[in-house]
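Everything on this sheet refers to the single structure shown next.
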Amino acid sequence: MLMLGIETSCDDTAAAVVEDGCRVRASVATNQDAFHAKYGGIVPEIAGRQHVQLITATVEHALETAGITLEELDGIAVTRGPGLIGSLVVGVASGKALAYAASKPLYAVNHLHGHLYAAFLEQDVPPQLPMLGLIVSGGHTQLVDVRDHGDLRIIGRTLDDAAGEAFDKTARLLGLGFPGGPAMDRLAQRGDAAAIDFPRSMVGAESLDFSFSGLKTSARYFLESPAGKRANPADVAASFQAAVVDILVAKTAQAQRRLGHRTVVVAGGVAANSRLRAEMAAWAQSAGVRLLIPPLRFCTDNAAMIAAAAYYERRSAFPTSLSAARAVSPLKLGADPNLPF
Ligand code: KG4
Ligand code: ZN
C-alpha cells in the first residue's frame, strides 16, 4: 500500500511516500529556519506563506524520488493538527485537492500520533502494541498509552512548558539562537552536567504530569546571578540538559511500571537529544523493555511519520475526500478543535 504523506503543521514543508506503513520510498522537507531565525522564533504568517510557495514542488519532489505517479498511490495522508492554523490549512487544502483530482482517499492524521508512528518506519519487526509513548517536541510533552491503533490515551502531560520549549527558551538566554535544542545539545557535550544542581520538578510525585517552567526560571535566575555570569556556558547547557533528561526518563519509567507495557517509543524533536537517547537506552536495558527511538531525520517533523500513522490508523481513522467529507457527521468534525476543515 503506497501512501503519500503531507506535513505542514509548523515551519517544515514536508512530503513523503511510504510503503506499507514502514518502507520510506521518499521523504523530503524544506526547512524554513533561515526565514524565521532573525525573529528568534517561528512567525506563523511567514510559515503559512512559505508553505504556499513550497508545497507543490515538495510533493512533486517526493513522488519523483519514489518513482511513482499520483495515480499509483493508494491514499493521501495529511496532518490535520495540532499546529499553526495558517500552516495546517495549506497542507490540508493541498491534500484535499490531490485526493479529489486523483480520486484517492484522504486520511486526516493527528500530528502527535504521527510522531509516535515514526518508530514504525524502517523497522523489520514493527513495535508491538500495547506500547508506551513519550512525545517530546517544541509544543508538546506527553506520555501516551497506545492500546491499539487509533486507541491512544494521554496519561501524562506538561502542566506548563514543553520540553523543547524549555530547551529553546534557555538556549536563547545562552545566546544560542533558534531553534536552541540542537545547539544546546552540541554545547552540552563540552560541559559538566553536575556543575549546577538545577531542580527536577515533579519527580517523585505520583502524577505522570511534567513541569518545566520552574527549571526554566531557575536557569534564568542562575544566569542573572554573579555565579551565573562567571559560569562556563557549556556547564550551564550540560546541567540544564541533564535536569530535563532526568525528568523525562523518571516519568517514563514511572509510567512503564504502572502500565507494564514492554515496548516504549520516544519521539518528537527532543528525541534527537543525545543525552536523552543515551539515558533512555540505559534505563530500557535495566528495565528489560524494547525501546524505539526513531533515527534523527524522523524525530523532527517529517511527512513519512504522517503516512505511517495513516496506514496503521486507517481502519479507525475516517478516510475523507471531498465527497466523503460531506458524509462525516458535523458533530464529529465539530468535536475536534484542531480539525481545520
Ligand atoms: O517535533 P519538532 O520537530 O517540532 C514540533 O512539533 O515542535 O520539535 C522541535 C523541538 C524544538 O524545540 C527543538 O529545539 C527540539 O525539538 N530539538 C532538540 C534537539 N533537536 C531538536 N532539543 C534538544 N536536543 C536536540 N538535539
Ligand atoms: Zn512535531
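Quick caveat: nothing in here was measured; it's all calculated off a predicted structure. Just so you know, ligand 1 is whichever comes first in the structure, and atom 1 is the first atom listed for that ligand.
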Min over Ala118, Gly268, Ala171, Gly138 of heavy-atom distance to atom 7 (O) of ligand 1 lands on Gly138
Min over Gly269, Cys10, Ser9, Gly83 of heavy-atom distance to atom 20 (N) of ligand 1 lands on Gly269
min-distance N/O/S atom, Asp301 vs the Zn ion (ligand 2), resolves to OD1
Could you tell me, atom by atom, which parts of ligand 1 come under 4.0 Å of a heavy atom of [X]?
| X | answer |
| --- | --- |
| Gly164 | 12 (O) |
| His115 | 1 (O), 6 (O) |
| Gly181 | 14 (O), 18 (C), 19 (C), 22 (N), 23 (C), 24 (N), 25 (C) |
| Thr300 | 3 (O) |
| Ala272 | 20 (N), 26 (N) |
| Ser137 | 1 (O), 5 (C), 6 (O), 7 (O), 8 (O) |

How far is [atom] from its nearest protein heavy atom, and which residue and atom name does that atom have?
| atom | answer |
| --- | --- |
| atom 26 (N) of ligand 1 | Asp185 OD2, 2.9 Å |
| atom 2 (P) of ligand 1 | Asp301 OD1, 3.5 Å |
| atom 15 (C) of ligand 1 | Val270 CG2, 3.9 Å |

Check: Are Arg157 and Leu143 side-chain neighbours, meaning at least one heavy-atom pair lies under 4.5 Å?
Finding: no
Is the closest side-chain heavy-atom distance between Val144 and Ile135 below 4.5 Å? yes
Does a donor on one side chain and an acceptor on the other come within less than 3.5 Å for [X] and [Y]?
| X | Y | answer |
| --- | --- | --- |
| Ser27 | Asn302 | no |
| Glu7 | Thr79 | yes |
| Gln241 | Asn273 | yes |

Answer yes when Lys216 and Asp161 have at least one side-chain N-carboxylate O distance shorter than 4.0 Å, and no when they do not. yes
Quiz item: Would you call Arg200 and Asp246 a salt bridge, using N to O less than 4.0 angstrom?
Solution: yes
| field | Thr217 backbone acceptor or donor facing Lys169 side chain under 3.5 Å | value | no
Does Arg314 count as lying over the ring of Tyr311, i.e. NZ or CZ under 6.0 Å from the six-ring centre, within 45 degrees of the axis?
yes
Can you find a non-hydrogen atom of [X] under 4.0 Å from ligand 1?
| X | value |
| --- | --- |
| His111 | yes |
| His140 | no |
| Gly139 | yes |

For this session: Return the orientation label for the Phe212 and Phe210 ring planes: parallel under 30°, perpendicular over 60°, tilted otherwise.
Result: parallel
Handout entry: Aromatic ring pairing Phe120/Tyr312, orientation class (parallel under 30°, perpendicular over 60°, tilted between)
Key = tilted
Going by the 4.0 angstrom heavy-atom rule, the piece of Asn273 near ligand 1 is both
Checking heavy atoms under 4.0 Å, the part of Asp168 that sits near ligand 1 is side chain
- Query: Hey, is there an N, O or S on His115 sitting under 2.8 Å from the Zn ion (ligand 2)?
  - Reply: yes
Does Cys10 put an N, O or S atom under 2.8 Å from the Zn ion (ligand 2)? no
- Verify the ring-centre separation between His149 and Tyr117: is it less than 6.0 angstrom? yes
> Just distances here: any N/O of Ser274 and N/O of ligand 1 closer than 3.5 Å?
Replying inline: no
